[in-house]
Novice: 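Supplied in structure tokens, the structure appears directly below.
Start at 1 and go down the list; that is how both ligands and their atoms are numbered. Side chains included, hydrogens not; waters and symmetry mates left out as well; all remaining heavy atoms used. Residues: numbered from 1 along the sequence shown.
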Amino acid sequence: MEKADLPLVVEWANNPEFGGEYEPLEQVTLGEIERWLDQLPSGEKWFMIEKKDGTKIGHIMQKAVNKHYTIGYRVLPAERNKGYCTEAVQLLVDYLFLSANVVRVQAETNPANRASQRVLEKAGFTKEGVIRKSVFIRGEWRDGVLYSILRDEWKTPRILKK
Ligand SMILES: CC(C)(COP(=O)(O)OP(=O)(O)OC[C@H]1O[C@@H](n2cnc3c(N)ncnc32)[C@H](O)[C@@H]1OP(=O)(O)O)[C@@H](O)C(=O)NCCC(=O)NCCS
């Protein structure tokens, strides 16, 4: 994610349909999001998800937590269910295991967010369990489901496949 992407990122962030019913509601200005990108903690990175023709259709992020990484992602409603997020997750997992000395990449999602859970399952993650009342969304504390993939479970890196 570059500074030039931020007007698009603000537009997406302020559209409740982009986050969907399981993500926190946001209303942000361009100035706020510029400062946010400038001040990202080390270990946290955001990437734009692009189609081969360069169209930007979502974003995916990594955040270092203790000795492992947590990831998160969003795709534009019109581009969902075409496999884009699964491919982005596979590429990010490859990048993290190839570039960082970590044994675990994890993601947390709402128990009812079947699309997100399906993405993680397709990318080789395993469901670990429910984290009770872990996120505040739409006025209430909600449970999360924790998924992870371990280095031992990670198959041939997709980005090295011919
Ligand atoms: C979650 C999200 C990123 C998935 O992106 P995507 O590009 O559509 O994902 P993919 O196309 O790679 O895979 C989606 C899978 O979920 C399935 N799916 C979608 N909606 C579903 C539903 N309501 N019930 C069951 N499965 C569902 C699709 O059929 C597909 O699985 P398949 O390939 O076996 O058919 C997208 O839905 C999104 O942006 N949602 C809003 C933000 C969000 O919830 N982010 C995740 C927070 S943890």
Side-chain angles (χ1 to χ4, degrees), residues 1 5-28 33 36-37 40-41 43-66 68-97 102 104-150 153-159 161:
M1 188 180 288
D5 297 317
L6 295 184
L8 194 57
V9 172
V10 170
E11 186 188 315
W12 291 350
N14 289 333
N15 176 2
E17 283 180 22
F18 181 60
E21 61 187 306
Y22 308 113
E23 290 281 87
L25 278 176
E26 289 178 90
Q27 287 295 301
V28 290
I33 215 146
W36 162 82
L37 190 64
L40 281 185
E44 182 168 338
K45 285 185 187 169
W46 288 69
F47 302 93
M48 301 300 282
I49 302 175
E50 291 185 7
K51 294 210 262 193
K52 287 207 168 72
D53 67 5
T55 313
K56 292 168 184 183
I57 58 160
H59 50 58
I60 184 164
M61 59 80 75
Q62 63 173 68
K63 190 190 230 173
V65 181
N66 300 325
H68 54 262
Y69 279 96
T70 288
I71 65 168
Y73 36 75
R74 291 179 183 179
V75 166
L76 284 175
E79 299 291 350
R80 288 180 191 163
N81 301 320
K82 299 178 185 176
Y84 292 130
C85 189
T86 302
E87 192 174 350
V89 168
Q90 289 170 326
L91 292 173
L92 184 55
V93 168
D94 284 356
Y95 169 66
L96 290 172
F97 281 138
V102 291
R104 170 191 172 84
V105 177
Q106 70 177 45
E108 187 181 329
T109 184
N110 184 283
N113 193 344
R114 279 307 307 155
S116 180
Q117 291 178 61
R118 187 74 196 113
V119 164
L120 294 168
E121 287 158 10
K122 286 193 289 177
F125 284 62
T126 297
K127 184 174 170 177
E128 293 190 333
V130 174
I131 307 171
R132 296 184 298 165
K133 306 292 180 204
S134 56
V135 281
F136 186 78
I137 294 174
R138 312 287 165 109
E140 59 183 15
W141 284 95
R142 295 185 179 181
D143 295 346
V145 185
L146 189 64
Y147 279 76
S148 69
I149 182 167
L150 304 181
E153 297 160 349
W154 170 60
K155 304 281 173 358
T156 315
R158 199 185 162 99
I159 50 180
K161 273 189 203 162

Novice: To the nearest 0.5 Å, what is the distance between CD on Glu153 and OG1 on Thr126?
Specialist: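 These two atoms lie 4.5 Å from each other.
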Novice: Counting only heavy atoms from other residues, nucleotides and ligands, does the tally under 6.0 Å from CD of Glu17 exceed 12?
Specialist: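 No - once you tally the heavy atoms of other residues, nucleotides and ligands closer than 6.0 Å, there are 12 at most.
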Novice: Does a side chain donor of either Ser134 or Glu108 reach within less than 3.5 Å of an acceptor in the other side chain?
Specialist: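 There is such a pair between these side chains.
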Novice: Just to verify, what does Arg114 make a side-chain hydrogen bond (donor to acceptor under 3.5 Å, both in side chains) with, not counting sequence neighbours?
Specialist: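 Expected list: Gln117.
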Novice: Take the angle between the ring planes of Phe18 and His59 and call it parallel below 30°, perpendicular above 60°, tilted in between.
Specialist: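 Plane angle over 60°, so perpendicular.
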Novice: Tell me which residues fall inside the under-4.0 Å heavy-atom shell around ligand 1.
Specialist: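 For ligand 1, the contacting residues are Phe18, Gly19, Glu23, Tyr73, Arg74, Val75, Arg80, Asn81, Lys82, Gly83, Tyr84, Cys85, Thr86, Glu108, Thr109, Asn113, Arg114, Ala115, Ser116, Arg118, Val119, Lys122.
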Novice: Scan side-chain atoms only and decide if Tyr69 and Lys45 contain a donor-acceptor pair under the 3.5 Å cut-off.
Specialist: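 Short answer, no.
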